[in-house]
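In the text below, chain A, chain B and the rest are named by the order of the sequence lines, each starting its count at 1.
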Amino acid sequence: MKTVITITVNGERHSLEVKPNSTLVDVLRDQLGLRGTKKGCGEGKCGSCTVLLDGLSVSSCILLAVQADGREVVTIEGFGECGRPHPLQKAFVERGAVQCGYCTPGMIVTAKALLENNPSPDEKVVRKAIAGNLCRCTGYTKIVDAILSLADRGSELVKGEKEDGS
Amino acid sequence: MRIRPFEYLAPESLEEALTELRNFGSDTVLLAGGTDLILAMKHKSVLPTRVMGLQKVRELNFIRQKNSTVHIGALATHSWLCAHDVILKKLPMLGEAVSMIGSWQIRNIATLGGNLCNASPAADSAPPLLALDSRVVLADSDGEQEAPLSSFFLGPGQTALTPSQILKEVIIEIPSNPYSGCYLKMTRKRGIDLAVVGVAFHAEIDPSTQTLAKVAIALGGVAPTPMRATEAEKILAGLSSEEALRALADAAQAAVAATTPIDDIRATAEYRKAIVEVYVRQAGAKVINSLVKAGGNRN
């Protein structure tokens, strides 16, 4: 028995027919084709499915799609564009914070939520914020460095605006 | 991990929700944040045929202070609680505890009401709320009942809610004496973990006699429900701060004696008792010293 939800994803409004027992991550990946958001544990513990819901970082694998009705979702596809990466994406690449890349979309989404909440976090705050995003490759050091590198540069950069002064 | 199909409804007001529950309560499972329920549905330990999502019932989503009472709506999320001015200033022990729940992603969706209604013996919000003698408001279509939180937990995963009732809000009196509290949580690892043991220690000082007017020690993860260690509290109540610090070891032993932990996948009963003893002493020292130095929180 499907139900219709209205959900804004990366700025675009969608009216979608969803089954109540479908999770937000499955709707994003399979109905909207946004495969940047990953499925890892399926239990809300690894953070690879992290998206922003009304600006809050959430694990989309333990949210039903119907819970997002009337709300705004931002996925990793909403960050930067081809050829013009978001400052967080650039920082992750430049600092070697990406190995297999599976945790990366979730990490970047969480990092954005952090920097919008707290533009100048210290290392302790960063580590607590990403505690819900597991990485099996990097040992977290370079991920933390990448996020901290933006903490020095002010919150305008997090919004991805005016990086080149234009 | 497929979730079995179910009938879904999302009422837009408390009245609508309660009317539904009056008629179909025993077949309907309530969904707040879902961080416990959806997980249980994925693991097939709960197989509801009918789920009522509460996210549109905005009347349940509030945090307010009215004179010396704090009212928290059942749908208030943990992340809202631990950033909220009223909680930071007046109920920091509660804020401290809920900031340790899950991860940031979980705290952004999970609710206080959900944490209480899920009734894990190790629920992190329970010991602080028990230590503060909190009350809960249970609503059904006939009206509302207020009850002490201590009567709400009946067993692991079991609460006093009837099938037609919703937990509406939690009410906490801000103490009139200077007070201080802290919550310590033992986990197996940093990051996301349930409490193996949780200890909330709350104390108030009578400024005229400089003795402890109230001591509340609440424990999680060491009994079928979150509990108060009343015998331990009696050892410390009425003492001066120096006497209380000296009596902490005895109080800690009394707290351990009151617990009935089990061996489970996370820890043995023996380990849990050992941690209760250490944490009651540590939390007690922290709280009593803070009452002496800074004079504690004021109403």
J.: Given side chains that start at C-beta, do those of Val51(B) and Pro20(A) come closer than 4.5 Å, heavy atoms only?
T.: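 Heavy-atom side-chain distance check fails, nothing below 4.5 Å.
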J.: Begin with the C-alpha distance, continue with both residues' side-chain angles, and end with the deciding distance and a verdict on side-chain contact (heavy atoms from CB on, under 4.5 Å) for Asn21(A) and Met41(B).
T.: CA-CA 10 Å; Asn21(A) 60 329; Met41(B) 288 167 73; over 6 Å; no
J.: Any side-chain heavy-atom pair from Lys42(B) and Cys61(A) closer than 4.5 angstrom?
T.: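 They are in side-chain contact.
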J.: Shorter than 4.5 Å, heavy atoms on both sides: which option in Ser99(B), Gly53(B), Gly34(B), Pro5(B) has the most such pairs with chain A?
T.: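 Option with the greatest count: Pro5(B).
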J.: Any heavy-atom pair between the side chains of Ser103(B) and Lys45(A) that's under 4.5 Å?
T.: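 SC-SC contact between Lys45(A) and Ser103(B) ruled out.
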J.: Considering non-hydrogen atoms only, spot the tightest contact between Ala131(A) and Gly191(B) and give its length.
T.: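 Distance-wise, the nearest heavy atoms are CB-CA, 4.2 Å.
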J.: Crowded around Arg35(A) CZ? As in, over 12 foreign heavy atoms under 6.0 Å?
T.: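 Correct, the count exceeds 12.
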J.: Among Leu64(A), Ile130(A), Thr3(A), Leu134(A), who wins on heavy-atom pairs under 4.5 Å with chain B?
T.: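 Most pairs with chain B among the choices: Leu64(A).
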J.: Is a side-chain N or O of Asn108(B) found less than 3.5 angstrom from the main chain of Val58(A), in a donor-acceptor match?
T.: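 A pair under 3.5 Å: no.
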J.: So how far is it from Lys128(A) NZ to Met100(B) CE, rounded to the nearest 0.5 Å?
T.: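 One gets 7.0 Å once the value is rounded to the nearest 0.5 Å.
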J.: Report yes if some heavy atom in the side chain of Ile38(B) is under 4.5 Å from a heavy atom in the side chain of Leu63(A); otherwise report no.
T.: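 Heavy-atom side-chain distance check fails, nothing below 4.5 Å.
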J.: Considering only heavy atoms, which portion of Ala40(B) lies under 4.5 Å from any heavy atom of chain A: side chain, backbone, both, or neither?
T.: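 Nothing of Ala40(B), per the 4.5 Å heavy-atom cut-off to chain A.
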J.: Which one of Thr23(A), Val66(A), Thr50(A), Leu53(A) has the most heavy-atom pairs closer than 4.5 Å to chain B?
T.: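 Option with the greatest count: Val66(A).
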J.: Sort Cys49(A) into side chain, backbone, both or neither according to what part of it lies under 4.5 angstrom from a heavy atom of chain B.
T.: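 Looking at Cys49(A), nothing touches chain B.
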J.: Please assess Ile62(A) against Gln105(B) for the test side-chain contact (heavy atoms from CB on, under 4.5 Å), listing each intermediate value before the final yes or no.
T.: CA-CA 10 Å; Ile62(A) 48 166; Gln105(B) 287 92 324; over 6 Å; no
J.: Go through the atoms of Leu37(B) and report whether side chain, backbone, both or neither lie under 4.5 Å from a heavy atom of chain A.
T.: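 For Leu37(B), there is no contact with chain A at all, as no heavy atom is under 4.5 Å.
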J.: Judged by atom type as modelled, is there a donor-acceptor pair below 3.5 Å linking the side chain of Gln67(A) to the main-chain atoms of Gln55(B)?
T.: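 Such a contact is absent between Gln67(A) side chain and Gln55(B) backbone.
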J.: Can you confirm whether Glu15(B) is buried at CD, in the sense that more than 12 heavy atoms of other residues, nucleotides or ligands lie under 6.0 Å from that atom?
T.: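 No, not enclosed.
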J.: Does some side-chain heavy atom of His43(B) sit less than 4.5 Å from a side-chain heavy atom of Glu43(A)?
T.: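 Result yes, sub-4.5 Å side-chain heavy-atom pair found.
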J.: Within the 4.5 Å heavy-atom criterion, are Trp104(B) and Asn117(A) side-chain neighbours or not?
T.: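 Heavy-atom side-chain distance check passes, below 4.5 Å.
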J.: Quick check: are there more than 12 heavy atoms from other residues, nucleotides or ligands sitting under 6.0 Å from CZ of Arg190(B)?
T.: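 Count not over threshold, so no.
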